[in-house]
There are 2 protein chains.
Amino acid sequence: MKEISIDKIDRAILGLLQTNADLSVTEVAEQVGLTTTPCWRRIQRLQQNGIVTKKVALLDASRLALTTTVFVQVKAARHDGKWLEQFARHVEGFYEVVEFYRMSGEYDYLLKVLVKDMTSFDYFYKRLVKGIDLNDVTSSFAMEQIKYSTALPLHHL
Amino acid sequence: MKEISIDKIDRAILGLLQTNADLSVTEVAEQVGLTTTPCWRRIQRLQQNGIVTKKVALLDASRLALTTTVFVQVKAARHDGKWLEQFARHVEGFYEVVEFYRMSGEYDYLLKVLVKDMTSFDYFYKRLVKGIDLNDVTSSFAMEQIKYSTALPLHHL
DNA sequence: AGTGAAATTCCTCACGA
DNA sequence: TCGTGAGGAATTTCACT
């Protein structure tokens, strides 16, 4: 992975864009103290470097009736590479899974699952445990989402 | 919360925009089988309804040296409303916390924390447990991010 | 919803400092 | 690297069908 230098201005640009990608290049330029062209070039560079991966619209889950967030912890049945790979494929395919991590600690995997209600979760759960050998599965329900941010903390740059 | 009707075309528009917000109105219109003006009106309506909340740039955490993701589970010291409120405020303030949920089950809270290394996590951890009374704190480290999506599953619409 | 079109803003590049 | 200027493109918003 290449080393890329991010200066104070790049950091400011990233901070703005990861909060609001609707800002025009001109608006970003003003806020970071540049004119449009050099600002545009920096943004281009950040995109080509893969630092900015994409721009997306964020939707309000509650207004779309997606009110149930569940964290599912899983213990692997075995720890050979083949099983791990198989499980990763199995889980990735579920559209309900929005985040998926291999973990250290007691449980080997953590899944964040987004569904509209308990019935939908049950439907997911049955499909999840079917067709693959799991050692232990625990589901914890989110009662309240207190914070959710797609913006990375850039304070270390 | 108002009832909002989302038809097949709106669902298609949302699906496109939550994957790629760089699409021009004309491009979206083509893909959903409309012309620009009615498509533009639908997008406006989806934004004013608060279904589309914002557009953001997504950044590559690994290229910004944010390679450590930690899930922190916390048991509340007490379960009165005052403590809960106090704890929510305490945690929200940390820039390292990118997601934060009140949970059912054994642990009362789940935090997703993003930092650059172990040292930074330790720095966070010390500040987290300081100044507030906690019953139990467990940290689990993500070894691998297998899936991460900001796109909501709209299959139920 | 669709067409056509006008006004405005934005993006993009060549060039010079 | 930054800034200026300008062409061409895209967005936004009409009035009318």
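Reminder, nothing fancy here: chain letters follow the sequence lines and each chain counts from 1.
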Asks: For D80(A), is there an ion pair with K82(A) - N to carboxylate O distance below 4.0 angstrom?
Replies: no
Asks: Nearest whole angstrom, please: distance from the P of dT9(C) to the CD of E30(A).
Replies: 13 Å
Asks: Ignoring the backbone of T35(A), work out which of dT4(D), dT12(D), dG2(C) is nearest its side chain.
Replies: dT4(D)
Asks: Over how many whole Å does the gap from K8(A) atom NZ to dT1(D) atom P extend?
Replies: 18 Å
Asks: Strictly distance-based, threshold 3.5 Å: is any side-chain N or O of K116(B) a donor or acceptor partner for the main-chain N or O of H156(A)?
Replies: no
Asks: Quick one about D122(A) and T119(A) (side-chain donor to acceptor, distance below 3.5 Å, no hydrogens or angles considered), yes or no?
Replies: no
Asks: Is a salt bridge present between K54(A) and D22(B), judged by a nitrogen-to-oxygen distance below 4.0 Å?
Replies: no
Asks: Contact class for R42(A) (heavy atom, under 4.0 Å): base, sugar-phosphate, or nothing?
Replies: sugar-phosphate
Asks: Looking across every strand, which nucleic acid part, if any, lies under 4.0 Å from T26(B) by heavy atom: base, sugar-phosphate, or nothing?
Replies: sugar-phosphate
Asks: With the side chain of Q44(A) defined as its heavy atoms from C-beta on, choose the nearest nucleotide among dT11(D), dT12(C), dT3(C).
Replies: dT12(C)
Asks: In this structure, how many angstroms lie between the P atom of dT12(D) and the CD atom of E27(B), rounded?
Replies: 13 Å
Asks: Compare the minimum distances between each of dG3(D), dA10(D), dC13(C) and the side chain of W40(A), then state the nucleotide with the smallest one.
Replies: dC13(C)
Asks: Could you tell me how far apart L34(A) (CG) and dT12(C) (C1') are, to the nearest whole angstrom?
Replies: 17 Å
Asks: Taking only N/O atoms, report every protein-nucleotides 15-17 of chain D pair under 3.5 Å with atom names and distance.
Replies:
none

Asks: For the residue pair R127(B) and Y123(B), would you count it as a cation-pi contact if the rule is NZ or CZ under 6.0 angstrom from the ring centre and within 45 degrees of the ring axis?
Replies: yes
Asks: Taking only residues two or more places apart in sequence, or in another chain, which ones meet K8(B) in a salt bridge (charged side-chain N to carboxylate O under 4.0 Å, His left out)?
Replies: none
Asks: What's the CG-C1' distance between D22(B) and dT12(C), to the nearest Å?
Replies: 15 Å
Asks: Give the rounded distance in Å between these two atoms: CG of L46(A) and C1' of dT1(D).
Replies: 15 Å
Asks: Does T36(A) place a side-chain N or O at less than 4.0 Å from the phosphate oxygens OP1/OP2 of dT12(C)?
Replies: no
Asks: To the nearest Å, give me how far apart CD1 (I43(A)) and P (dC11(C)) are.
Replies: 8 Å
Asks: Can a side-chain donor-acceptor contact be found between K130(B) and Y125(B) if the only test is distance below 3.5 angstrom?
Replies: no
